[in-house]
There are 2 protein chains.
Amino acid sequence: MRWQDIDQQPCSLARTLAIIGDNWTLLVLRDCFMGVRRFDDFQQRLGVTRHVLSDRLRKLTEGGVLDKVAYQERPLRHEYRLTAMGKELYPVIVHLAQWGDKHLAGEHGAPLTRYHRQCGEPLEAQLQCSHCGDTVKPTDIRVEENPYWAGQILVNS
Amino acid sequence: MRWQDIDQQPCSLARTLAIIGDNWTLLVLRDCFMGVRRFDDFQQRLGVTRHVLSDRLRKLTEGGVLDKVAYQERPLRHEYRLTAMGKELYPVIVHLAQWGDKHLAGEHGAPLTRYHRQCGEPLEAQLQCSHCGDTVKPTDIRVEENPYWAGQILVNS
DNA sequence: GACTATAAGTTCCAAATAGGAACCAACTGT
DNA sequence: ACAGTTGGTTCCTATTTGGAACTTATAGTC
C-alpha cells in the first residue's frame with residue numbers, strides 16, 4: 001500500500017491524514033493558526049523548500065482546509081486562509097503542542113504558553129463530552145464498529 | 001531545512017512531530033491504541049513496507065512513546081507497548097478521527113463510532129480547561145511567547 | 001532427521017519524493 | 001532602465017519509499 005492511497009481505507013484517521021498527515025503540513029497549519037497567510041511568509045518561517053510548500057498548500061486547499069483567495073489584482077496575488085473546516089483542527093494542534101510542552105521542553109522551558117482567558121491559568125486542555133459536559137478519559141470511550149465493515153477494523157482479542 | 005532537523009526548532013509542535021509526524025506513524029499509533037503490539041500485526045493491518053515500519057517503531061521507541069519488551073525468550077521475541085507518555089497522545093487521535101468522521105465520511109457513514117460510556121451518547125469531544133472545568137473555544141486561548149525566544153515565534157501583525 | 005511454519009526483522013533494487021538553487025511572470029517603485 | 005516583490009515552476013542531486021526476497025532462531029510435524 002502506498003501512502004498516497006491511504007484515503008481509500010475505511011478509517012477516518014487515515015482519511016484525515018491523507019490531507020494533513022504529510023511531513024510539514026501540520027507545521028503549515030500551525031502557522032495558519034498564527035495568522036500567516038502568504039506563500040513567502042510560510043516559506044521563510046518554515047524553511048521548507050518552495051515546491052514542497054506549493055504541494056502542501058495545494059493539498060490543503062483541495063482538501064477543504066484552506067481557501068486560496070485573491071487579495072489583489074494586477075498583479076494577481078493569492079493568500080491562504082483557514083476555512084471553517086480547517087479551524088476545527090485547532091484542538092489537534094493544541095493537544096500536540098501541549099504534549100510537546102510537557103515531554104520535550106528543553107532547559108529554557110516551553111517556547112509558547114497558552115492561557116485560558118476566562119480563568120487566566122496556563123491551559124491544560126483535556127477532553128470533554130459536549131453532550132453531558134463531563135471530562136472524558138481514554139477509558140471512558142467505547143468504540144463500536146460500523147456493521148458495514150464488520151470485523152475489518154477492530155482487533156478481535 | 002531538512003525535515004529530520006525540525007526537532008531543533010523552538011516549537012513544541014515541531015518537536016512532537018519529529019517523533020510522531022512522519023507518514024504512517026500516527027496510523028501505527030492508532031493501531032497501538034486498538035491493542036496491536038506485534039510487528040507482523042502492524043504490518044498486515046497497515047500494509048506499510050516492513051523496513052518503513054521498522055524505522056517508525058524504532059523512532060517511537062527512541063522517542064519514549066512505545067516500549068519494546070520481550071514477551072518470550074528462545075526465540076527472543078519483542079512487542080511494542082504504549083508508555084504512559086504515549087497514552088497521553090490519545091486526545092490527538094480522537095480529535096483527528098472525529099474530524100474525519102465529520103468531514104470525510106462516505107456513503108456508509110463513519111467506520112467507527114466512539115461512545116461516552118458515562119452518558120451513552122456518541123462522543124463529540126471538545127477542549128476543556130482542566131483548571132476551571134470550562135469548555136475552551138479557540139478564541140478563549142491567549143498565547144504568550146517565552147522571553148528567551150522573544151520575537152522569533154509569534155507573528156507580529 | 002528433514003521439512004515447514006512463525007516472528008521480527010534486514011537487504012536489495014527501482015521509483016517517487018525532498019532539498020537546494022536558479023529561474024520566471026507580472027507588475028510597482030525609484 | 002533597473003531593482004524589488006510575490007507566488008510560484010524548473011532543474012538536478014540525494015534521500016526515502018514500495019515491493020519483494022532473504023535471514024535468523026526456534027518449534028512443531030512427517
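In this text, all values refer to a predicted model and were calculated from it rather than measured experimentally. Just so it is clear: chains get the letters A, B, ... in the order the sequence lines come, proteins before strands, and each one is counted from 1.
- In terms of phosphate contacts, A:Y71 brings no side-chain nitrogen or oxygen within less than 4.0 Å of OP1 or OP2 of D:dT5.
- Taking only side-chain nitrogens and oxygens, B:T49 never comes nearer than 4.0 Å to OP1 or OP2 of D:dA20.
- Taking atom NE2 of B:H78 as the reference point, atom C1' of C:dT6 lies 16 Å away to the nearest angstrom.
- Taking the side chain of B:R56 as heavy atoms from C-beta on, and the options D:dG18, C:dA7, D:dT17, the nearest nucleotide is D:dT17.
- For A:Y80 and D:dT6, the shortest distance from a side-chain N or O to OP1 or OP2 is not below 4.0 Å.
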Can you give one letter per nucleotide of nucleotides 24-30 of chain C, going 5' to 3': B for a protein heavy atom under 4.0 Å from the base, S for sugar-phosphate only, - for none?
--BSS--
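- A salt bridge links A:D5 to A:R2: one of the charged nitrogens lies within less than 4.0 Å of a carboxylate oxygen.
- Taking 3.5 Å as the limit, the base of D:dG7 and the side chain of A:R50 contain a donor-acceptor pair of atoms between them.
- Side-chain contact, A:E124 with A:H116: no donor N or O sits under 3.5 Å from an acceptor N or O.
- Remark: C1' of C:dA21 and CD of A:Q43 are 11 Å apart, rounded to the nearest angstrom.
- The main-chain N or O of A:R50 is never found under 3.5 Å from a side-chain atom of A:S54 such that the two would form a donor-acceptor pair.
- With rounding to whole Å, A:F42 atom CZ is found 14 Å from D:dG8 atom C1'.
- Within a heavy-atom distance below 4.0 Å of DNA chain C, the residues of residues 1-23 of chain B found are B:M1, B:R2, B:W3.
- With respect to A:R142 and A:E144, a salt bridge is recorded, a charged nitrogen being found less than 4.0 Å from a carboxylate O.
- In this structure, CD of B:Q72 is placed 9 Å from P of D:dA27, rounded to the nearest angstrom.
- Looking at which nucleotide of DNA chain D each of A:D40 and B:V48 is closest to, the 5′-most match is held by A:D40.
- Here the nucleotide nearest the side chain of A:F39, chosen from C:dA8, D:dG7, C:dG19, is D:dG7.
- Separating the CD atom of A:E79 from the P atom of D:dG8 is a distance of 12 Å, rounded to the nearest angstrom.
- Side chain of B:T135 to main chain of B:Q128: no donor-acceptor pair is present (N/O by atom type, distance under 3.5 Å, no hydrogens or angles).
- Residue-environment remark: CD (B:E73) stays at or below the threshold of 12 foreign heavy atoms within 6.0 Å.
- Residue B:R38 has its side chain nearest to C:dA8 when only C:dT10, C:dA8, C:dG19 are considered.
- Regarding A:W24, its CH2 atom lies at a distance of 11 Å from the P atom of C:dA18, rounded to whole Å.
- Using the six-membered ring where Trp is involved, A:W149 and B:H108 have ring planes that are perpendicular, over 60° apart on the 30 and 60° scheme.
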Checking ring-ring contact (aromatic ring centres under 6.0 Å, His included) for the pair A:H95/A:W99: CA distance, chi angles, key distance, verdict?
CA-CA 6 Å; A:H95 275 291; A:W99 190 85; over 10 Å; no
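- OP1 or OP2 of C:dG9 has at least one side-chain nitrogen or oxygen of B:K68 nearer than 4.0 Å.
- Residues A:R56 and A:D22 approach most closely at NE-CB, 3.5 Å, considering heavy atoms.
- One interatomic measurement links the two molecules: NE2 of A:H51 to P of D:dT6, which rounds to 22 Å at whole-angstrom precision.
- The pair A:D55-A:K59 counts as a salt bridge, with a side-chain nitrogen and a carboxylate oxygen less than 4.0 angstrom apart.
- Residue B:L57 contributes atom CG, which lies 14 Å from atom C1' of C:dA7 at whole-angstrom precision.
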